[in-house]
**Q** 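The structure is given below, and queries will be raised subsequently.
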Amino acid sequence: MSYRKSVLGIGMTLGLLLTASSLAVAQTAPRPDAMLNNGPPIWDANHDGIYTCEEWKSFMDRLFKSADRNHDGSLSPSEFETVKKADPTLAEADFGYFDENQDGKITRNEFVEKPSAFILRFDRNGDCRVTPDEIKATVKPATDPRAPTERPRDRFH
C-alpha cells in the first residue's frame, strides 16, 4: 500500500512540474500583435504588401460611400454600423472617434481623413508607407528572451 502511495505521489509531482514548466514557457513566448490577428489589412489596393496612406484613404472613401445609404453626405449611427461590419479592423470602432465635432453625424472628411491606426503603429520612418520590414521590426522583440545569453568578453579573448 505505501509503495502505491509513493508511486502515485511521484506521478502527481511530475505532472505538476510538467504543467508548471509548460505554463512558464507559454508566458515567455512573444505574443502576436493584436493588429495582425486578422491577417494583413485588406486595403492594400495593389497587393504589393506595402500599405500606404493613399490606399487607406481610398478604402475609407469606398466604405463611406457604401455605408451612406441615404446619400446625404454623412453617416448616422445606424449607417456607421455598416462600416463596423465591413472590415474586422473596424469592428470595435467608436462612432465618437470619427465624429470630431460631436454633431451626431460623421462627414466624409471626418471619416476619410482619420489616420489609420495600423499606419500609426507600424510606420517607423514616417513616410506614410508600411513595408513588411517595418512590420517585422515592430512585431519582433529586440531580443528573444529564450536566446542564450553570451558572456561579455574582455579584450584578450
**Q** Do other residues, nucleotides or ligands put more than 12 heavy atoms under 6.0 Å from the CD atom of Gln102?
**A** yes
**Q** Looking only at heavy atoms, what is the nearest atom pair of Pro132 and Gly49, with distance?
**A** CD-O, 3.4 Å
**Q** Assigning hydrophobic clusters by single linkage (Ile, Leu, Val, Met, Phe, Trp, Tyr; side-chain heavy-atom cutoff under 4.5 Å), is Ile50 placed with Ile135?
**A** no
**Q** Within this structure, what is the OG1-CZ distance for the pair Thr107 and Phe64, rounded to the nearest 0.5 Å?
**A** 6.5 Å
**Q** Heavy atoms only: give me the nearest Asp123-Cys128 pair and the separation to one decimal.
**A** OD2-N, 2.7 Å
**Q** Can you check whether Asp133 reaches Arg124 side chain to side chain, under 4.5 Å on heavy atoms?
**A** no
**Q** Does Phe80 have any ring-ring contact (aromatic ring centres under 6.0 Å, His included) partners at least two apart in sequence or in another chain, and if so, which?
**A** Phe95, Phe98
**Q** Write down the atom of Leu120, the atom of Pro115, and the distance for their closest heavy-atom approach.
**A** CD1-CB, 4.0 Å
**Q** Measure from the ring center of Trp56 to the ring center of Tyr51 and say whether it is less than 6.0 Å.
**A** no
**Q** Just checking, is any N or O donor in the side chain of Ser58 or Arg62 under 3.5 Å from an acceptor N or O on the other one?
**A** yes
**Q** Distance-only, no hydrogens or angles: does the Lys114 side chain make a donor-acceptor pair with backbone N or O of Met60 under 3.5 Å?
**A** no
**Q** Testing the basics here: between Leu90 and Leu63, what is the closest heavy-atom pair and its distance to 0.1 Å?
**A** CD1-CD1, 3.4 Å
**Q** If every non-hydrogen atom of Asp103 is compared with every non-hydrogen atom of Asp99, which pair is closest and at what distance?
**A** OD1-OD1, 2.9 Å
**Q** Would you give the length of the straight line joining atom CG of Asp127 to atom OG1 of Thr131, rounded to the nearest 0.5 angstrom?
**A** 8.0 Å
**Q** Starting at NZ of Lys84, measure out to CD of Glu81 and round the result to the nearest 0.5 Å.
**A** 4.5 Å
**Q** Hey, is Glu79 close enough to Lys105 for a salt bridge, meaning N to O under 4.0 Å?
**A** no
**Q** Does anything in residues 63-72 pair up under salt bridge (Lys or Arg N to Asp or Glu O under 4.0 Å), and if so which pairs, sequence neighbours excluded?
**A** Asp61-Lys65
**Q** Which of parallel (below 30°), tilted (30 to 60°) and perpendicular (above 60°) describes Trp43 and Phe118?
**A** perpendicular
**Q** Applying side chain to side chain contact (heavy atoms under 4.5 Å, CB included), run through Glu110 and Leu75 and close with a yes or a no.
**A** CA-CA 10 Å; Glu110 285 174 319; Leu75 300 179; over 6 Å; no
**Q** If you take all heavy atoms of Phe122 and Glu134, which pair is closest and at what distance?
**A** O-CB, 3.4 Å
